[in-house]
Amino acid sequence: MRFKLITKAQGSTLDKYYNSTARVAMIMGPLGSGKTFRSCEKALKIMREQKPNRQGIRKTRGYAIRNTYSDLNTTTIKDWLELFGPLGSFTAGGMHPPTHRLRFRLPDKTIVESEMVFIALDRPQAIKKLRGAQVTFFWLNETKELPKEVIDMADLRHGRYPSPVDGGPTWHGMFGDYNAPDEDHWLYELERVTKPKDWEFFVQPGGVFKEMQLDTTTPGKAQLRWTGKWVANPDAENLQNLPKEYYIRGMEGKEDSWIDVNLANSYGVVVEGKPIYKEQWNDALHVNPELKPIPGIPLLIGLDFGLTPSAVLGQETANGAVHILGEVVADGMGIKQFVKHALKPILNRFYRGYTLLLVGDPAGNRRADTDEETVFKTLHDMGFDVEEANTNDPDIRWEAVREPLQRLIDGRPGFQLHPRCKTLRKGFNSGYCFRRLQISGETRYSDRATKNKYSHPHDALQYLCMMINGSSVPAVKFERDDSYSY
């Protein structure tokens with residue numbers, strides 16, 4: 001039997017993923033972007049390119065992993081067999097996992113002899129299924145649904161087949177495909193922070209993006225605003241294999257947070273709420289990994305108190321831009337512990353010699369029923385003079401942040417955030433929000449911000465931006481405390 005697979009060029013990112021020889025290759029893309037299809041092709045490519053043994057047989061064994069057997073059967077196995085079913089025999093049921101045994105001849109007369117084994121691993125405890133596995137490669141379908149412990153174990157099991165007698169594997173490793181995960185996900189951490197050696201991450205263009213326009217209605221001030229419209233991305237991949245207006249039609253009836261993750265291919269989370277800076281924040285525009293402290297300019301610190309204290313560190317540049325350089329977020333800490341063990345080490349390590357300007361929650365000047373001291377007095381005794389923010393009115397505080405978000409200065413955003421500020425960033429994208437009200441009829445939201453882990457650093461950010469907008473703050477010189485040096 002002759003078998004010929006005819007495919008269309010689907011996109012440059014898909015091609016780079018397909019041709020990658022990295023030990024681990026991952027691709028993140030929107031729905032309908034051709035990720036699964038390209039992963040199937042990549043698996044077959046590995047089988048075909050395995051060096052033949054002395055008998056002219058190219059031996060490999062792959063494991064296709066999904067989170068549940070339901071998804072494995074209805075999507076992963078189904079897609080695989082639709083493409084390559086005629087190349088071998090498929091067995092399912094009994095004591096062994098579903099397996100497709102492929103055997104076919106190449107034009108050079110060598111024979112491909114391979115197994116694709118399908119396994120569901122939805123919990124860390126499931127890693128025992130991998131112990132003793134002799135595998136050439138792993139295909140991690142919908143990788144974001146898998147526990148990190150499963151990936152860690154799989155990474156130690158590939159490269160064990162074929163045996164040295166058959167020449168060993170020509171290539172071995174892992175590859176996976178997924179839609180954009182949450183910013184707290186281990187995939188985000190690996191791609192943006194850890195960046196393991198010999199891992200490659202490929203990010204496809206989104207199917208849609210936010211339409212932005214320059215607002216010049218205010219004299220002397222140009223502002224970049226989101227129009228509230230999503231626009232089809234002409235650079236999206238796999239469009240030729242999708243129904244007409246696939247992404248535009250796919251947005252109908254969907255929340256912006258859902259569109260952002262599933263169609264625009266942006267890190268985030270689908271939430272039941274309305275992000276407070278929804279109309280002003282643009283993750284692609286406002287996040288800048290190149291931000292660095294500017295010597296000679298004071299370091300601004302906004303503080304929020306309570307048992308979930310937070311500090312936001314930033315600067316106002318000479319041309320009036322707001323640069324947010326860092327965040328310090330704690331849980332279950334008093335203010336003394338927070339300053340001593342969380343804030344001071346950061347200042348010692350990265351901001352020695354900078355003049356510090358501090359501003360905090362006005363509630364910090366209230367005495368507790370059980371203690372005559374205020375938070376501000378405690379901070380003063382620790383060497384930090386903190387100005388009380390001039391108001392706690394939420395509308396004024398929100399507007400203090402919205403104003404620089406909407407500004408353009410010398411062609412660049414008037415507000416820029418370093419990606420190390422993970423909690424702030426996720427708050428901007430989704431977590432810092434107005435709660436949806438559980439009422440029938442038209443969708444309505446509370447007029448108060450939801451109190452959660454994102455609200456505390458965002459409160460601190462608001463105090464910082466209010467300080468820039470006019471609060472008078474005394475300057476103090478931070479002296480290095482050698483007991484906290486790194």
Side-chain angles (χ1 to χ4, degrees), residues 3-50 60-67 71-72 74-88 100 102 104 112 114 116-118 135-146 151 154 158 170-181 187 190-191 198-207 233-243 246-247 250 261-265:
F3 180 89
K4 188 174 184 180
L5 181 66
I6 301 175
T7 61
K8 299 177 181 178
Q10 297 175 315
S12 60
T13 308
L14 285 166
D15 290 342
K16 291 174 183 176
Y17 165 67
Y18 173 76
N19 291 309
S20 172
T21 58
R23 184 170 62 87
V24 180
M26 298 287 182
I27 186 167
M28 182 178 91
L31 297 174
S33 63
K35 306 180 299 297
T36 299
F37 182 87
R38 209 57 165 152
S39 291
C40 289
E41 288 188 302
K42 187 174 179 70
L44 191 71
K45 180 176 184 284
I46 296 166
M47 297 174 184
R48 296 192 335 259
E49 294 181 353
Q50 167 65 30
T60 52
R61 180 180 295 127
Y63 272 36
I65 298 179
R66 190 71 189 259
N67 58 321
D71 289 332
L72 197 67
T74 58
T75 56
T76 312
I77 293 176
K78 181 174 176 290
D79 290 340
W80 175 265
L81 293 179
E82 282 183 355
L83 285 171
F84 307 129
L87 296 179
H100 188 213
L102 299 89
F104 57 94
V112 172
S114 184
M116 180 60 88
V117 181
F118 298 89
V135 185
T136 311
F137 65 88
F138 287 92
W139 167 27
L140 310 171
N141 189 213
E142 294 296 345
T143 314
K144 76 172 185 177
E145 306 297 338
L146 298 171
I151 277 67
H158 59 75
T170 301
W171 176 90
H172 63 90
M174 304 188 297
F175 57 92
D177 50 81
Y178 54 96
N179 301 120
L187 275 166
L190 287 176
E191 183 204 346
D198 208 18
W199 286 53
E200 287 189 343
F201 291 88
F202 302 91
V203 180
Q204 293 179 272
N233 187 357
D235 295 326
E237 299 190 332
N238 199 43
L239 289 176
Q240 64 272 36
N241 295 321
L242 296 174
Y246 174 82
Y247 288 112
V261 170
N262 293 289
L263 303 184
N265 199 32

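Within the model, atoms CZ of Phe37 and OH of Tyr18 stand 10.0 Å from one another, a figure rounded to the nearest 0.5 Å. One distance of note links CG of Leu87 with OG of Ser114; it measures 10.5 Å at 0.5 Å rounding. Here the CD1-CG distance, from Ile77 to Leu81, works out to 7.0 Å after rounding to the nearest 0.5 Å. The CZ atom of Arg23 lies 12.5 Å from the OG1 atom of Thr21; values are rounded to the nearest 0.5 Å. Rounded to the nearest 0.5 angstrom, Tyr178 OH and Leu187 CG are separated by 4.5 Å. With values rounded to the nearest 0.5 angstrom, Met116 atom CE is found 4.0 Å from Met47 atom CE.
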Applying salt bridge (Lys or Arg N to Asp or Glu O under 4.0 Å), run through Lys78 and Glu82 and close with a yes or a no.
-> CA-CA 6 Å; Lys78 181 174 176 290; Glu82 282 183 355; 3.0 Å; yes
Might you work through the side chain to side chain contact (heavy atoms under 4.5 Å, CB included) test for Ile151 and Met174, ending with a clear yes or no?
-> CA-CA 9 Å; Ile151 277 67; Met174 304 188 297; 4.0 Å; yes
Would you please test His100 and Phe118 for side chain to side chain contact (heavy atoms under 4.5 Å, CB included) and show each step?
-> CA-CA 8 Å; His100 188 213; Phe118 298 89; 4.3 Å; yes
Would you check, one step at a time, whether the test side chain to side chain contact (heavy atoms under 4.5 Å, CB included) holds for Gln10 with Asn241?
-> CA-CA 8 Å; Gln10 297 175 315; Asn241 295 321; 3.2 Å; yes
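With a 6.0 Å radius and a threshold of 12 heavy atoms from other residues, nucleotides or ligands, Lys45 has its NZ atom above the threshold.
Heavy atoms only, all atoms of each residue included: Leu83 and Pro86 are closest at O-CD, 4.3 Å. The nearest pair of heavy atoms linking Tyr247 to Gly32 is OH-C, 3.7 Å. Nearest heavy atom pair, residue Thr76 against residue Ala64, reads CG2-CB, 4.4 Å. Across every non-hydrogen atom of Cys40 and Trp80, the tightest pair is O-CZ3, 3.6 Å. Closest non-hydrogen pair, Tyr246 versus Leu31, comes out as CE2-O, 3.7 Å. Considering every non-hydrogen atom in both Asn179 and Gly29, the closest pair reads ND2-O, 2.9 Å.
Ring geometry for Trp171 versus Phe175: interplanar angle of 30 to 60°, hence tilted.
In terms of modelled atom types and a separation under 3.5 Å, the side chain of Thr136 and the main chain of Arg61 share a donor-acceptor contact. In this structure, Ser39 contributes its side chain and Lys35 its backbone to a donor-acceptor pair below 3.5 Å. Between the side chain of Lys42 and the backbone N or O of Tyr17, at least one donor-acceptor pair lies under 3.5 Å. Side-chain atoms of Asn265 come within 3.5 Å of backbone atoms of Met28 as a donor-acceptor pair (strictly under, hydrogens ignored).
Residues Asp79 and Thr36 have side chains that never bring a donor and an acceptor to within less than 3.5 angstrom of each other. Using modelled atom types, one finds no donor on one side chain facing an acceptor on the other under 3.5 Å when comparing Thr60 with Gln50.
The residue from Thr143, Leu140, Ile27 that alone fulfils the side chain to side chain contact (heavy atoms under 4.5 Å, CB included) condition with Asp177 is Ile27.
For Glu237, the side-chain hydrogen bond (donor to acceptor under 3.5 Å, both in side chains) partners are Thr13, Gln204, not counting sequence neighbours. Among residues two or more places apart in sequence or in another chain, the side-chain hydrogen bond (donor to acceptor under 3.5 Å, both in side chains) test is passed with Asn233 by none.
Using a 4.5 Å heavy-atom threshold, the side chains of Phe137 and His158 count as separate. Between Arg38 and Asp15 the shortest side-chain heavy-atom distance falls below 4.5 Å. Side-chain contact check for Leu190 versus Met26: every heavy-atom pair is 4.5 Å or farther apart.
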